[in-house]
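Note that the structure is predicted; figures quoted are calculated from it, not measured. Convention: sequence-line order gives letters A, B, ...; per-chain numbering from 1. Heavy atoms only: backbone and side chains are in, while hydrogens, waters and symmetry mates are out.
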Amino acid sequence: MLIASWNINGVKARLDALTAWLTERRPDIACLQEIKSVDEGFPRKAIEDLGYHVETHGQKGFNGVALLSLKAPEEGSVLRGLPGDESDEQSRYIEALWQTEAGPLRVASIYLPNGNPLGTEKFDYKLAWMARLEKHAAGLLEREERLILAGDYNVIPEPTDAAKPDVWVNDALFQPESRGALRRLIHLGLVDALREVDESEAVYTFWDYQAGAWQKNNGIRIDHLLLSPEARIALRSVGIDKHVRGWEKPSDHVPIIAELAE
DNA sequence: ATGGTCGTTTTACGA
C-alpha cells in the first residue's frame with residue numbers, strides 16, 4: 001500500500017493538481033499540509049468523487065492539515081491537534097488509525113512551524129512544538145504499531161539535504177536547535193525513510209518559487225516520512241513524485257511516497 | 001550581471 005505526504009500550499013489553488021495526482025498515484029493514504037482552508041471550505045466533494053475519505057483539521061488562511069484515504073479510518077481514532085498545549089490554536093497535526101490486512105497502521109500529517117525569523121517568538125514556538133511532538137511520538141512508539149509520522153518538518157537534517165547549505169545558516173530550518181530536535185525525535189526509534197534512498201543522488205522535496213530555484217535544482221529536503229520499526233520492516237520502496245513540481249501552478253513542495261507491504 | 005513567487009485574512013503577511 002502507498003502512504004504519501006504533500007504540502008500543497010493551498011487546497012483551493014491546488015485542486016486541479018491534487019485531483020490529477022490522486023488519480024495518477026492512487027495513494028491509499030495521503031497526508032496533506034498547508035491546506036489554508038477552514039474545514040467547511042475544503043473541496044471535499046471533488047476528493048470524495050475520486051473515492052477518498054476526507055478528514056481535515058483546518059483554520060482560516062494559514063496552516064491546516066488533512067488525511068485522505070481510500071478506506072475510512074477506525075471510528076473515533078482521528079486526533080486533531082498536537083497534544084500538550086491547550087492554548088495552541090494553530091492547526092498543524094492530524095492523526096488517525098487504519099485497520100488493514102497486515103494489522104493496525106497509524107499515520108499522522110504534520111505541518112511543523114517554520115520558525116523564521118530567528119530571535120523571535122516564532123522560533124521559540126517551533127522548538128516548543130518539536131518538544132511536544134517528541135513527547136507525543138514517544139507515547140505512540142510504545143504501542144509498537146506500524147506508525148508513519150509524515151509531513152513538512154521545516155527542518156533540513158544535514159548539509160547534504162540542501163543544494164546550497166551555506167545560504168541556510170541563518171534560517172530557522174537549519175539551526176542546530178532545529179536539527180537537534182529532529183535528531184532526538186528520530187533517535188526515539190524512527191527511521192527517516194527518504195534518507196534510505198540511494199545517496200549518490202541528492203533528494204529534495206522543496207524548491208522555492210523565487211529566483212528560478214526549480215530550474216537550477218536549488219532545493220532542500222524538509223518533507224519527511226518517519227517510520228516506526230514495525231513500519232520500517234514493511235517498507236518496500238520510497239521516493240518523491242518530482243515531476244509534479246513541473247506542472248502548471250505547482251506547489252513549492254513535491255509529494256513524498258512510501259510503499260509498504262500489504 | 002541581475003532580478004526573479006505564491007496564496008490568502010490581498011495593498012500585509014507568511015512562507
Side-chain angles (χ1 to χ4, degrees), chain A residues 5-21 31-44 46-47 56-66 82 88-93 109-130 133 150-157 161-175 177-179 181-182 204-224 240-256:
Chain A
S5 176
W6 189 15
N7 179 324
I8 56 173
N9 189 19
V11 68
K12 298 182 190 82
R14 213 68 61 217
L15 187 55
D16 287 348
L18 176 59
T19 56
W21 174 71
C31 305
L32 303 181
Q33 300 89 36
E34 280 206 270
I35 62 173
K36 296 187 175 181
S37 167
V38 293
D39 295 336
E40 311 81 69
F42 192 92
R44 171 178 292 272
I47 307 303
T56 61
H57 182 44
Q59 72 179 84
K60 198 172 183 182
F62 305 112
N63 306 325
V65 286
L82 181 65
D88 185 1
E89 295 182 342
Q90 300 191 31
S91 297
R92 298 179 172 276
Y93 187 93
S109 180
I110 293 168
Y111 179 47
L112 207 143
N114 175 292
N116 280 305
L118 297 179
T120 69
E121 70 287 347
K122 292 187 176 182
F123 190 58
D124 295 337
Y125 174 68
K126 178 182 192 136
L127 297 181
W129 206 94
M130 294 187 82
L133 179 61
D152 177 0
Y153 280 76
N154 268 316
V155 177
I156 302 165
D161 297 311
K164 297 183 178 181
D166 50 310
V167 307
W168 295 95
V169 294
N170 293 316
D171 193 287
L173 277 59
F174 198 49
Q175 290 313 292
E177 295 94 330
S178 312
R179 296 169 60 197
L182 179 62
Y204 306 131
T205 65
F206 168 94
W207 293 262
D208 200 287
Y209 288 124
Q210 299 185 69
W214 167 243
Q215 288 74 13
K216 296 173 184 170
N217 196 28
N218 179 14
I220 52 176
R221 190 175 73 93
I222 56 175
D223 299 85
H224 308 304
I240 63 173
D241 281 340
K242 191 172 182 178
H243 65 289
V244 171
R245 185 62 177 80
W247 285 355
E248 293 258 327
K249 275 191 78 178
S251 169
D252 39 9
H253 296 250
V254 293
I256 59 178

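Residues A:His253 and A:Gly10 each lie close to DNA chain B; by heavy-atom proximity, the contact nearer the 5' end of the strand is made by A:Gly10.
Looking at residues two or more places apart in sequence or on another chain, you find a salt bridge (Lys or Arg N to Asp or Glu O under 4.0 Å) between A:Asp88 and A:Arg132. Applying the ring-ring contact (aromatic ring centres under 6.0 Å, His included) rule to A:Trp168 yields no partners; only residues at least two apart in sequence or on another chain are considered. Applying the salt bridge (Lys or Arg N to Asp or Glu O under 4.0 Å) test to A:Asp161 and every residue at least two apart in sequence or in another chain returns A:Arg195, A:Arg221. Residues that satisfy the side-chain contact (heavy atoms from CB on, under 4.5 Å) test with A:Ala181, not counting sequence neighbours, are A:Met130, A:Arg184. Residues that satisfy the ring-ring contact (aromatic ring centres under 6.0 Å, His included) test with A:Tyr204, not counting sequence neighbours, are absent from this structure.
In this structure, A:Glu248 atom CD and B:dT5 atom C1' are separated by 16 Å, rounded to whole Å. Following rounding to the nearest Å, A:Phe62 (CZ) and B:dG7 (C1') show an atom-to-atom distance of 9 Å. Residue A:Leu15 contributes atom CG, which lies 13 Å from atom P of B:dG7 at whole-angstrom precision. Regarding A:Gln90, its CD atom lies at a distance of 10 Å from the P atom of B:dG14, rounded to whole Å. One can place NZ of A:Lys249 at 5 Å from P of B:dG7, the figure rounded to the nearest angstrom. Atom CD in A:Gln59 sits about 12 Å away from atom P in B:dG14, given to the nearest Å. Atom C1' of nucleotide B:dT8 and atom CG of A:Asp252 are separated by 14 Å, given to the nearest angstrom. Put simply, CG on A:Asn63 is 13 Å from C1' on B:dC13, counting in whole angstrom units.
Residues A:Asp241 and A:Trp6 fail the side-chain proximity criterion, which asks for heavy atoms closer than 4.5 Å.
B:dA15 and B:dT10 are spaced 15 Å apart, taking the C1' atom of each and rounding to whole Å. B:dA1 and B:dC6 are spaced 26 Å apart, taking the C1' atom of each and rounding to whole Å. Look at the P atom in both B:dT8 and B:dG3: the space between them is 29 Å, to the nearest Å.
Checking the phosphate oxygens (OP1, OP2) of B:dG14, a side-chain nitrogen or oxygen of A:Lys122 falls inside 4.0 Å. Listed pair A:Arg14 / B:dC6 fails the phosphate criterion, with no side-chain N or O lying under 4.0 Å from OP1 or OP2.
Contacts of residues 205-216 of chain A with DNA chain B (heavy atom under 4.0 Å): A:Tyr209, A:Gln210, A:Ala211, A:Lys216.
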I would like to know whether A:Asn218 and A:Asp208 meet side chain to side chain donor-acceptor pair (under 3.5 Å); could you show each step before the answer?
-> CA-CA 8 Å; A:Asn218 179 14; A:Asp208 200 287; over 6 Å; no
